[in-house]
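Reviewing the structure listed below.
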Number of protein chains: 2
Amino acid sequence: MRQATIRDVAREANVSVASVSRTINGHSNVNPATRERVLAAVRALGYVPNAAARSLSMALSHTIGVVVPDLHGEFFSELIRGMDTAASATGYHLLLSTMHADLEEARHAIAAMNGRVDGLIVMATQAQPEELDALLPASIPAVLLNCADGGGRPVFTIDDRAGAAAIAAHFAALGKRNILHIMGPESNNDARDRRKGFEEELKRLAPSAKLTVVPGNYQEEAGRAAVRDMLNSGNKVDAIFAANDMMALGAMQELRTNALDVPGDVVVAGFDDIPLAGFLGLTTMRVHMDQLGAQAVECLTRLLEGKGGEERVRLVPDLVIRASTEKPQ
Amino acid sequence: MRQATIRDVAREANVSVASVSRTINGHSNVNPATRERVLAAVRALGYVPNAAARSLSMALSHTIGVVVPDLHGEFFSELIRGMDTAASATGYHLLLSTMHADLEEARHAIAAMNGRVDGLIVMATQAQPEELDALLPASIPAVLLNCADGGGRPVFTIDDRAGAAAIAAHFAALGKRNILHIMGPESNNDARDRRKGFEEELKRLAPSAKLTVVPGNYQEEAGRAAVRDMLNSGNKVDAIFAANDMMALGAMQELRTNALDVPGDVVVAGFDDIPLAGFLGLTTMRVHMDQLGAQAVECLTRLLEGKGGEERVRLVPDLVIRASTEKPQ
DNA sequence: TTATTCTATGTAACCGGTTTCACTATTCGC
DNA sequence: GCGAATAGTGAAACCGGTTACATAGAATAA
């Protein structure tokens, strides 16, 4: 069955399309009697305005384009949930494209959004600032997520350095002085920032502390391997900070397998606060992806309404202290 | 900066808009020299076709509208990931709306998609078939997720009954005869199906078994409470099937708190296979939300291309046997 | 050579809305 | 009771694409 158009409604109600449009959009200068006739016709025909036509003629779609990489697990859904909540609160919709790896795909995704979205939210963890800039159309506003540099565009990031620094402060306060950091992939911005933040804060608060950094890949097994190597080398650390929870959990398990007590002999902390961390009592930094998404959307809608310019927000994660660094009372 | 339009390109290349359009869309009847001039103009102006205009004139958007409830945790992201992968493989985009609770919101979300999408994928766990039918426009195809009845439309569901039956079979094979089922919310279709599938299969395979069913709400605490009640009542069950993993984990913890061995004294199984389940050794049914999403998209694209009609697919979850029902070797 | 096909291109209508502008019929001020 | 302001309405242009149709010129057939 063909969808009724505004002209069908106009014919049915014996008015012009202009009157129908005015009625639909709640303009004031419509006679109540006319309005009623139009609304009756709308109901009778089951008329629903065509969003593409409206976008075209108004040059406005009330839609936000979202381009994100293939995030794993909770993060993705929390980010989207946060965006969606903020967007629907202000009457916006979300056009979603996930971007698997390469930039060419991102370019294509963004091109396909031209005309359908009023603004863009782009998360490109690995892209270089200048690549990213070439990607984004100059014609519509964009907000970036988790980027080092936005080239004049608002950027919202998780403050990995501050988060890692909080762990360093926690370790320092506990009096730990021989510390192991299991890093994430070197290519990853987050991983580098977490290392840097941790290292700097530790040096500041406990200059005498010894810090060993070993590579990892965000997988549980990397945490295990790091602990095994540590034990084999005879290096007796008293605290471990892994760049994410999965590695921290691996490390914790391996320590216990080797009859070391956590937190008695070694304290362990991670980053992210995945659900498992709460269940297994891992101290970690809680990252609020939903807030990140919501704030990005709010910033973009502000931009779309002409108010607000560049912004640079770093969302600081919360330190969640659990049994892995604190003796049970 | 204003986006270049097709007329700008036509002027720049000294041709008509028709030639530009033909070049862009790869029609054959364009002179190579003209094509080159057009492509040069496109590059010079940074022209990107306006998707809204194209949708309008072709009555085709290459976009799929997705309306899903606010799913918790992994499910949402896996579902979307599955859809996105399948969609982008066939050149489609995803316009997402999450629907918090009420139908009015769903109606609004669907109305806003009119003209923007070629088809719909709708998941409405609580809506009645007739309500749902009234919601969906007759003008575009739709595929339903997790619905009892599609009223002629394709339906893709997780086969909760078969999944629950698999647990029943597992328990029966283990020789368990005094069994507790912790249900999900009564209002929930999934919860009712899981109970039904479990009950029926158990009756079939072990008619002598005694089954107690207690209410729950999918929260961890409900699992704990159910075990406490069970212990207080003196009912000595030897197997517990909770309608989801969180309740199963709560039950498992409470059993161990009360010095009961899992799986020695009581075996425990859940449903969903959340990441925690793997970590804590909980036997459960693995639900493949990504496959559900991907298959729904593939079905819809088939529908959009005119091939394929009604379909009813039940995706059977996999039984994953872990330490909570099986003695370690 | 002339009639006929074919290729390449342009003109203009159309998709379904919004909105400017012109116009008529009121209502208001005096 | 008359001119001015105002409310209500419709015709038509426009948004940026696609495409049916017309047409001119070149290639082919007779």
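All chains are named by letter (A, B, ...) in the order of the sequence lines, taking the proteins before the strands, and each is independently numbered beginning at 1.
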key: Atom pair distance, as rounded to whole Å: CD1 in I24(A) and P in dG16(C)   = 15 Å
inquiry  = How many whole angstroms separate atom CD of Q3(B) from atom P of dG17(D)?
reply    = 9 Å
request  = For S21(B), report the nucleic acid contact type (base, sugar-phosphate, nothing); a contact means any heavy atom under 4.0 Å.
outcome  = base
inquiry  = For dT18(C) and N25(A) - does any side-chain N or O of the residue sit under 4.0 Å from the phosphate oxygens OP1/OP2?
reply    = yes
ask   = Between N31(B) (CG) and dA8(C) (P), how many Å, whole number?
value = 6 Å
task = Looking only at side-chain atoms of S16(B), point me to the closest of dA12(D), dG10(D), dT11(C).
result = dT11(C)
ask   = Start at the 5' end of DNA chain D and walk down; is the nucleotide closest to R22(B) or to V48(B) reached first?
value = V48(B)
request  = Spell out, as yes or no, whether a donor-acceptor pair under 3.5 Å connects the side chain of R116(A) to the backbone of S61(B).
outcome  = yes
ask   = Checking all strands, does V15(A) fall into the base, sugar-phosphate, or nothing category for heavy-atom contacts under 4.0 angstrom?
value = sugar-phosphate
ask   = Is it true that E104(A) and R107(A) make a salt bridge, defined as a side-chain N closer than 4.0 Å to a carboxylate O?
value = yes
task = Find which nucleotide of DNA chain C each of M58(B) and S28(B) is nearest to by heavy atoms, and output the residue with the more 5' nucleotide.
result = S28(B)
message = Heavy atoms only, 4.0 Å cut-off, all strands: where does A18(B) land among base, sugar-phosphate and nothing?
response = base
query = Nearest-Å distance, NE2 (H62(B)) to P (dT18(D))?
reply = 11 Å
inquiry  = Given 3.5 Å as the limit, does a donor-acceptor pair link the side chain of N114(B) with the main chain of V48(A), or not?
reply    = yes
request  = Could you tell me whether N29(A) contacts a base, only the sugar-phosphate backbone, or nothing, with contacts defined as non-hydrogen atoms closer than 4.0 Å?
outcome  = base
query = Hey, does the side-chain of R7(B) have a donor or acceptor N/O within less than 3.5 Å of a partner on the base of dG16(D)?
reply = yes
query = Judged by atom type as modelled, is there a donor-acceptor pair below 3.5 Å linking the side chain of D118(B) to the main-chain atoms of L60(B)?
reply = no
remark   = Between N14(A) and T5(B), the residue closer to the 5' end of DNA chain D by nearest nucleotide is N14(A)
task = Verify the contact: side-chain N or O of S57(A) to OP1 or OP2 of dC15(D), cut-off strictly under 4.0 Å; return yes or no.
result = no
key: Contact nearer the 5' end of DNA chain C, comparing N114(B) with S19(B)   = S19(B)
query = Between dC14(D) atom C1' and R2(B) atom CZ, what is the distance in whole Å?
reply = 13 Å
Integer-rounded Å distance: dG16(D) P and L45(B) CG = 14 Å
request  = Provide, to the nearest angstrom, the distance between the CD1 atom belonging to I6(A) and the P atom belonging to dT19(C).
outcome  = 11 Å
query = Taking T5(B) for the side chain and R7(B) for the main chain, is one N or O donor matched with an acceptor at less than 3.5 Å?
reply = yes
D160(A)/R192(A) ion pair, N-O < 4.0 Å = no
ask   = To the nearest 10 degrees, what angle separates the axes at the start and end of the helix from dT1(C)-dA30(D) to dC30(C)-dG1(D), five pairs each?
value = 40°
ask   = Do side-chain atoms of T34(B) reach the backbone of V30(B) as a donor and acceptor pair under 3.5 angstrom?
value = no
note = Side-chain atoms of L56(B) come closest, of dG17(C), dG16(D), dT18(D), to dG16(D)
request  = Give a yes or no on whether the backbone of V17(B) and the side-chain of S21(B) come within a donor-acceptor separation of less than 3.5 Å.
outcome  = no
query = Would you say dT18(D) has OP1 or OP2 under 4.0 Å from some side-chain N or O of R54(B)?
reply = yes
task = Could you tell me whether T34(B) contacts a base, only the sugar-phosphate backbone, or nothing, with contacts defined as non-hydrogen atoms closer than 4.0 Å?
result = sugar-phosphate
ask   = What is the distance, rounded to the nearest whole Å, between atom CZ of R116(B) and atom P of dG17(C)?
value = 13 Å
